[in-house]
Structure formats: structure tokens, C-alpha cells
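Lettering follows sequence order; numbering is per chain, from 1.
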Amino acid sequence: MKKFEKLTGLVAPLDRANVDTDAIIPKQYLKSIKRTGFGPSLFDDWRYLDPGEPGMDHGKRRINPDFVLNQPRYRGAQVLLARDNFGCGSSREHAPWALLDYGFRVIIAPSYADIFYNNSFKNGLLPIVLERDAVDLLFRETEATPDYRLTVDLAAQTVATPSGRVFKFEIDAFRRHCLLNGLDDIGLTLQHVDEIKAYEARRRREAPWLFAK
Amino acid sequence: MSGKTLYDKLWDAHVVRRNDDGTCLLYIDRHLVHEVTSPQAFEGLRLAGRPLWRVDANLATADHNVPTTGRAQGIADPVSRLQVETLDANCHDFGITEFGMNDARQGIVHVIGPEQGATLPGMTVVCGDSHTSTHGAFGALAFGIGTSEVEHVLATQCLILKKAKNMRVRVDGALPAGVTAKDIVLAIIGRIGTAGGTGHAIEFAGAAIEQLSVEGRMTVCNMAIEAGARAGMIAVDDKTIEYFRGRPYAPKDGMWDMAVKTWRDLKSDADARFDEEVVLNAADLKPQVSWGTSPEMVVPVDGAVPDPEKETDAVRRTGMQQALKYMDLKPGTPIRDIALDKIFIGSCTNSRIEDLRAAAKVVQGKRVAKNIKLAMVVPGSGLVKVQAEKEGLDKIFLDAGFEWRAPGCSMCLAMNADRLGPGERCASTSNRNFEGRQGAGGRTHLVSPAMAAAAAIAGHFVDVREL
């Protein structure tokens with residue numbers, strides 16, 4: 001997994017609540033058997049005016065000029081500002097893969113759907129929760145200020161605005177540790193092989209039907 | 001000390017290790033696998049040279065991409081075909097039992113798990129699919145996971161998790177005639193919102209839930225995720241236990257009695273404490289119809305499309321306006337005046353035998369309205385399809401002008417060829433009405449099987465209570 005320590009990045013605002021994973025990456029792209037290449041299809045139905053299919057040359061598609069990420073001022077954004085319940089819907093990990101492949105490393109929103117939130121950490125995408133008022137302020141400043149950049153420091157658990165305002169955010173210690181060090185969960189779990197085996201042995205005695213073939 | 005909730009009991013029974021940071025290593029009894037969210041996980045195992053921890057804990061089927069017609073000819077779309085073939089190859093290489101596309105037992109992963117007895121009370125059940133919450137209907141702890149977690153389960157049979165909070169949704173009283181499990185869960189989501197259960201495991205309880213059949217309970221738990229909760233669950237009772245008797249993967253002989261004894265304890269203690277509690281009165285419930293692009297945007301069938309101008313919260317108001325624009329609906333329009341183009345009866349929410357019986361009862365001896373371009377029934381599994389055909393339900397649907405298809409996820413998410421065209425409006429028994437969910441530009445209204453069937457006959461929504 002890609003490490004995350006500190007980043008100063010351009011911010012793009014996506015001003016709608018309940019952005020679902022079908023909107024983040026539509027179903028037709030889920031047919032891929034790879035983890036990469038989803039960036040050009042991120043927010044496909046909003047971003048383009050013509051219907052998209054896997055394998056298309058997205059560079060030749062008709063761009064929707066009204067969609068916020070298509071505005072030149074947000075090109076190269078690494079921080080996505082969003083509203084409540086971001087990432088609701090399906091468990092598709094293609095959603096964080098698409099956001100990362102597009103170039104985002106951080107999302108800031110008042111709340112997230114549980115599975116999306118969890119999936120993001122497994123891929124080095126940092127979903128930050130800030131109070132609604134703080135998110136409102138960031139939306140206002142992003143829209144009012146060209147080239148608006150935020151500095152996100154994971155070790156310090158802070159988001160700093162260009163004017164020097166600092167917001168502290170909460171994050172689970174384990175997730176923070178994994179993200180700061182780019183750690184692979186499976187490797188960590190396999191350090192406890194003996195405990196897993198002991199649990200299985202006990203369960204085989206107590207509930208043998210769970211192990212019947 | 002207060003008693004334990006069902007969720008507490010299921011959680012505690014599966015803790016392998018408690019970490020200092022508050023997370024736990026949780027053991028997974030059953031892992032269901034399908035073609036969409038697994039290929040990258042198997043690739044990860046291969047790259048790291050890791051074997052499967054416990055092959056027999058896994059059961060696989062292809063459901064999302066499979067065609068519902070002409071299956072003998074294979075899958076026409078080469079991208080879909082490759083994904084299904086990749087599942088076949090991965091299951092073959094790693095030794096996992098798979099009900100392949102042409103196996104009689106193939107079907108939607110959340111239908112076949114319980115049908116086979118591969119899902120059992122007291123288990124932890126996971127799958128790379130958010131509707132895994134369905135299996136909680138049997139007193140199991142079941143939840144959807146992402147592909148990284150799929151790989152983690154394949155490699156370790158465990159997940160690193162933080163325990164969620166306890167929430168109980170109680171539905172008191174008796175359900176009025178014409179109101180179904182689907183209406184209960186849509187009404188719950190309408191009440192608490194799509195983020196109402198975020199961070200919680202929901203236990204559904206109360207007399208109305210107890211009265212539901214196990215299949216109805218599956219419909220309720222299926223949509224826990226639409227209320228934001230990864231897991232939904234219902235206590236075990238006699239109906240739960242009887243359901244599993246004789247199923248292929250269910251415990252046999254002496255082990256059956258041993259299992260049943262432990263299953264009887266799979267309920268919340270009388271003095272258990274919940275962090276949140278919501279109470280609905282079943283007598284107040286009516287058949288529900290979603291009007292917008294989020295499952296919380298739902299009203300009773302005798303209601304009307306709401307007016308965003310009356311919403312005081314600015315973010316919510318914008319959401320309603322966006323939804324109305326996408327759905328091409330005007331505030332104040334009576335739900336019964338909404339005309340439809342297509343009807344979809346299927347999905348992991350409503351494709352089991354009781355769903356098909358309920359729909360068939362409504363359409364029997366009638367004809368699909370002329371303005372309906374396509375009305376289709378997609379059974380949840382090959383075995384559901386066979387049972388329905390034994391009962392003559394296929395004939396009832398075909399005589400009425402419905403199409404009778406082969407099992408799979410189909411137009412719930414339109415990964416196969418079954419989809420809405422731009423602007424088409426559908427009464428659907430599925431679980432999500434998101435923009436583009438059933439096809440780019442398509443408009444979805446979520447309803448129960450009886451309501452979808454009635455809408456097919458009338459050509460617009462009607463109140464099944466008046467039929």
C-alpha cells in the first residue's frame with residue numbers, strides 16, 4: 001500500500017450529499033479484472049455527455065463543461081471536498097481505486113459510508129472527517145479562491161488552510177499507523193497465525209458443524 | 001452489568017484476538033465469492049505467493065455478469081465473459097467449490113448461500129458485496145467487504161475490525177394486508193435515512209418482524225446497508241431453524257441437535273442495551289414507492305412527490321432538486337399518476353419463491369399494460385426457478401406478457417445486457433434507485449414484488465391494497 005504522510009494539494013469541491021459508489025465508478029467498469037486504469041471513468045455519468053464503455057478512448061468523449069472537475073481551475077486536484085455520506089452504496093473497492101487513479105489522495109467530508117471509508121484506508125486514500133461547519137467554510141474558500149490548496153498532515157492529524165487556519169481531525173490509531181507506514185494488513189494478521197489456529201481448534205470442538213465438508 | 005445483544009454475542013464468539021488499539025481480529029466462518037470483486041484479490045494472493053487459509057470456508061458463484069437469456073451460447077460481451085472465466089479459473093486453481101454459470105444451483109450469491117445451508121445461524125458471513133447483510137436474517141453476523149478484505153479473508157480467514165455500535169429497529173404490532181417486508185424496510189430507511197445506521201449493526205425486532213417468514217426477513221436485512229449499516233440481523237426462532245433442516249450444507253445427524261442447541265441462544269438478552277433504538281408501528285405502514293435517487297426518498301403509494309421548497313436544510317433541498325430533475329418528476333404529482341416503461345422483478349432483495357408467488361398472484365389472468373415495453377421476472381437462483389416452474393408460476397407470468405429469465409443479478413445493477421435505456425422509468429423490486437443504477441439515464445422506483453406486478457398490469461403505480 002502507498003504510504004501517506006503529508007501533502008499540500010489543490011482542492012476540488014463536489015457539492016452534493018450521498019454521492020454513491022455507482023456515481024463514483026459506474027458498473028460497466030467493474031468488469032475489469034485489474035486494480036488500475038479507473039481514473040478516466042471516475043464520475044463517468046457526470047463527467048461526460050456521451051455514454052461510456054470499458055475500452056473506450058476517453059480522450060475522445062464529449063466532456064460535460066458543467067461538471068465541477070472539468071473546470072480547468074480544478075485540474076490536478078489531489079483533495080476532494082465532499083458532503084455527507086460520501087461513498088454510500090456498494091462495497092466496490094473500484095471506487096477508491098478510481099479516485100486514486102484520477103489523482104486524489106485525500107477526501108474531506110462530514111461523514112462517509114462505512115464500507116467506502118474502510119476500503120479507502122486499504123489503498124492509501126485518506127478520508128478525513130471534519131465538522132459540518134468546517135466543511136462549509138472549506139467549500140466557501142475553495143470556490144472563492146483560485147488555486148486553493150490545503151495541507152494535510154497525517155502524523156499531526158491536521159488540515160491547514162492557506163490563511164493558516166488549522167483543523168484537527170480524528171482517526172483510528174491502527175489505520176493511521178498503517179497509512180503512515182504503508183503497511184499490508186495481511187502481513188500483520190499473519191503474525192498471529194498461532195492464535196488463529198488455536199481459535200480454530202477450539203471452535204472445531206465447540207461447533208464442529210462449522211468445519212464439516 | 002447489562003445483558004448482551006445478538007450482535008455482541010456473535011462478535012464475542014468470533015474474536016481471535018483483541019488488539020491494544022481497540023480493533024479485533026475476527027474469525028470468518030463463511031466467505032461467499034463472486035466474479036466482480038474477487039479477481040484482484042486472487043491476483044494479490046498470487047503476487048504474494050500466499051495460499052488460501054481454509055479452502056472449504058469459501059463458496060463461489062457467478063451472478064453479476066451472467067446473461068438471463070440464451071445462456072447456452074455463453075456470454076456475448078467479451079469483458080463480462082473474461083471476468084466470469086477468471087472466476088472459474090481462480091476457483092479451479094485454488095480448489096474452491098463454484099456453482100458456475102450453467103450449474104443448476106447457480107444464482108445470486110445472497111440467495112444461494114442460505115438455500116444451500118452454506119449460511120447458518122451463528123456464523124460470520126462475508127462477501128465482496130454490500131448486500132451480504134441479507135444473511136443476518138438467520139441470526140448470523142454478515143456484512144459486505146471490499147476486495148482488499150476479500151484477499152485478507154482468503155489468506156487468513158480473519159478480518160481486522162472495530163466493533164460497531166448496537167442499534168435496534170423495532171416494528172411493533174401486526175402488518176396490515178398488502179404491506180410486505182419490502183415496505184417495512186423502505187419505511188425504515190425513509191425514517192432514519194441512508195446514513196441512519198452508519199457505524200451501527202442493526203437488529204430488527206418486534207412483533208411484525210417475528211411474523212415475517214425467513215424470506216421476508218432476508219428482504220429486510222438485505223437493505224440494512226441502504227440504511228447505512230454494514231450488518232442487519234434478526235434473532236433465531238423456530239422458523240429460522242426449520243428453514244435449514246435438510247439443506248445440503250446444514251449440519252447432519254447428531255451435529256444438527258448440537259447446532260440447534262447453540263442457535264436457540266442467538267437472540268438479544270432481555271436486559272441488553274442498545275446505543276440507538278427506533279420504533280415503528282406496523283399498523284401505520286403502507287405500500288412504499290421511492291420517488292428519488294436515494295432509497296430514503298420514499299413515500300407511501302397514496303402520497304405524492306414531495307416539494308423541495310418545503311425542505312429547510314439547504315444540502316437536503318439541493319439533493320431533492322437534483323433527484324427530481326433526474327427523475328423528471330414535479331412536486332405534488334400523485335404517485336399513482338406515475339406511468340412506467342419497464343418492470344423488474346428480481347435481485348437479492350426480492351427474487352425468492354415467496355416473492356415470485358406474491359407477484360404471480362397479482363398478475364394471474366391479467367395482461368401487462370400496453371405502455372410497458374418490458375416486464376421481466378428474474379428468479380434468484382436456478383433452484384428458485386425450478387420450484388416456480390413446478391408451481392406453474394412461469395406460465396402465469398408468460399401468459400400475462402412477462403419475460404421469464406434465467407437467474408442472476410440482472411437489471412438490479414445492469415452489468416449484463418439487461419438495462420434501462422436513457423429516460424426509461426422502471427418499477428423495480430431491487431434495492432437501489434441511484435442515478436444510472438439500472439442503466440445510464442434510467443429512472444428507478446423501488447417497490448415490493450406485489451406492487452411491481454400491479455404496476456405492470458396498470459401501466460402506472462396502483463395501491464395493491466385496493467386490488
Options [options], ranked by heavy-atom pairs under 4.5 Å with chain B, top entry:
| options | answer |
| --- | --- |
| A:Val193, A:Thr189, A:Asn123 | A:Thr189 |
| A:Lys34, A:Arg202, A:His94 | A:Lys34 |
| A:Arg92, A:Arg83, A:Lys27, A:Glu195 | A:Lys27 |

Report which part of [X] has an atom under 4.5 Å of a heavy atom belonging to chain A: side chain, backbone, both, or neither.
| X | result |
| --- | --- |
| B:Arg316 | neither |
| B:Asp77 | side chain |
| B:His14 | both |
| B:Arg437 | both |
| B:Val150 | neither |
| B:Gln321 | neither |
| B:Glu151 | both |
| B:Thr198 | both |
| B:Arg54 | side chain |
| B:Ala57 | neither |

Walk me through it: do B:Thr147 and A:Trp97 pass the test side chain to side chain contact (heavy atoms under 4.5 Å, CB included)? CA-CA 11 Å; B:Thr147 298; A:Trp97 294 339; 3.8 Å; yes
Shortest non-hydrogen contact between [X] and [Y], atoms and distance:
| X | Y | value |
| --- | --- | --- |
| A:Phe211 | B:Asp56 | O-OD2, 4.1 Å |
| B:Ser130 | A:Ser90 | OG-CA, 3.5 Å |
| B:Glu149 | A:Asn119 | OE1-OD1, 4.5 Å |
| A:Trp209 | B:Pro251 | CB-CB, 3.6 Å |
| B:Gln40 | A:Ser32 | NE2-O, 3.4 Å |

Measure the shortest side-chain to side-chain distance between B:Ile225 and A:Ile115 over non-hydrogen atoms and say whether it is less than 4.5 angstrom.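 Yes, close enough: below the 4.5 Å cut-off.
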Between B:Trp53 and A:Ile196, is any pair of side-chain heavy atoms under 4.5 Å apart?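 Yes, close enough: below the 4.5 Å cut-off.
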More than 12 heavy atoms from other groups under 6.0 Å of [atom1] on [X]:
| X | atom1 | answer |
| --- | --- | --- |
| B:Lys163 | NZ | yes |
| A:Glu131 | CD | no |
| B:Lys252 | NZ | yes |
| A:Asp57 | CG | yes |
| A:Arg204 | CZ | yes |
| A:Arg165 | CZ | no |

Checking A:Arg203 against B:Asp29 for the side chain to side chain contact (heavy atoms under 4.5 Å, CB included) test, could you report, in this order, the C-alpha distance in whole Å, the side-chain angles of both residues, the deciding distance, and whether it holds? CA-CA 10 Å; A:Arg203 285 290 273 179; B:Asp29 296 313; 4.1 Å; yes
Can you check whether A:Gly89's main-chain N or O pairs, donor with acceptor, with B:Arg432's side chain at less than 3.5 Å?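 Present.
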Could you tell me which portion of [X] (side chain, backbone, both or neither) has an atom closer than 4.5 angstrom to a non-hydrogen atom of chain B?
| X | value |
| --- | --- |
| A:Asp84 | neither |
| A:Phe116 | neither |
| A:Asp185 | both |
| A:His177 | neither |
| A:Lys122 | both |
| A:Pro208 | both |
| A:Glu200 | side chain |
| A:Asp184 | side chain |

With distance as the sole criterion, is a donor-acceptor pair present between the side chains of A:Asn85 and B:Thr194 under 3.5 Å?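 Present: a donor and an acceptor within the cut-off.
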Between A:Glu93 and B:Ser148, is there a side-chain donor-acceptor contact under 3.5 Å, judged purely by atom types and distance?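 B:Ser148 vs A:Glu93: donor-acceptor pair found between side chains.
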May I ask you to name which of [options] has the most heavy-atom pairs under 4.5 Å with chain A?
| options | value |
| --- | --- |
| B:Thr37, B:Val84, B:Ile145 | B:Ile145 |
| B:Gly44, B:Gly228, B:Ser80 | B:Ser80 |
| B:Gly199, B:Cys158, B:Pro422, B:Ala259 | B:Ala259 |

Is any side-chain N of the basic residue among [X] and [Y] closer than 4.0 Å to the acidic one's carboxylate O?
| X | Y | value |
| --- | --- | --- |
| A:Asp114 | B:Arg230 | no |
| B:Lys261 | A:Glu206 | no |
| B:Glu435 | A:Arg16 | yes |
| B:Lys162 | A:Asp172 | yes |

So among B:Thr156, B:Leu25, B:Val16, which one has a side-chain contact (heavy atoms from CB on, under 4.5 Å) with A:His192?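 Exactly one option meets the side-chain contact (heavy atoms from CB on, under 4.5 Å) with A:His192, and it is B:Leu25.
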The single option from B:Asn65, B:Val36, B:Asn416 passing side-chain contact (heavy atoms from CB on, under 4.5 Å) against A:Lys31: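 So the option named by the test is B:Asn65.
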For A:Cys88 and B:Glu226, what are the C-alpha separation, side-chain angles and deciding distance, and is it a side chain to side chain contact (heavy atoms under 4.5 Å, CB included)? CA-CA 8 Å; A:Cys88 61; B:Glu226 263 55 69; over 6 Å; no
Nearest 0.5 Å, what's the [atom1]-[atom2] distance between [X] and [Y]?
| X | Y | atom1 | atom2 | value |
| --- | --- | --- | --- | --- |
| B:Tyr27 | A:Leu210 | OH | CG | 8.5 Å |
| B:Met415 | A:Tyr29 | CE | OH | 12.0 Å |
| A:Arg35 | B:Glu43 | CZ | CD | 6.5 Å |
| A:Ile33 | B:Ser38 | CD1 | OG | 10.0 Å |
| A:Phe174 | B:Leu161 | CZ | CG | 10.0 Å |
| A:Leu30 | B:Glu35 | CG | CD | 10.0 Å |

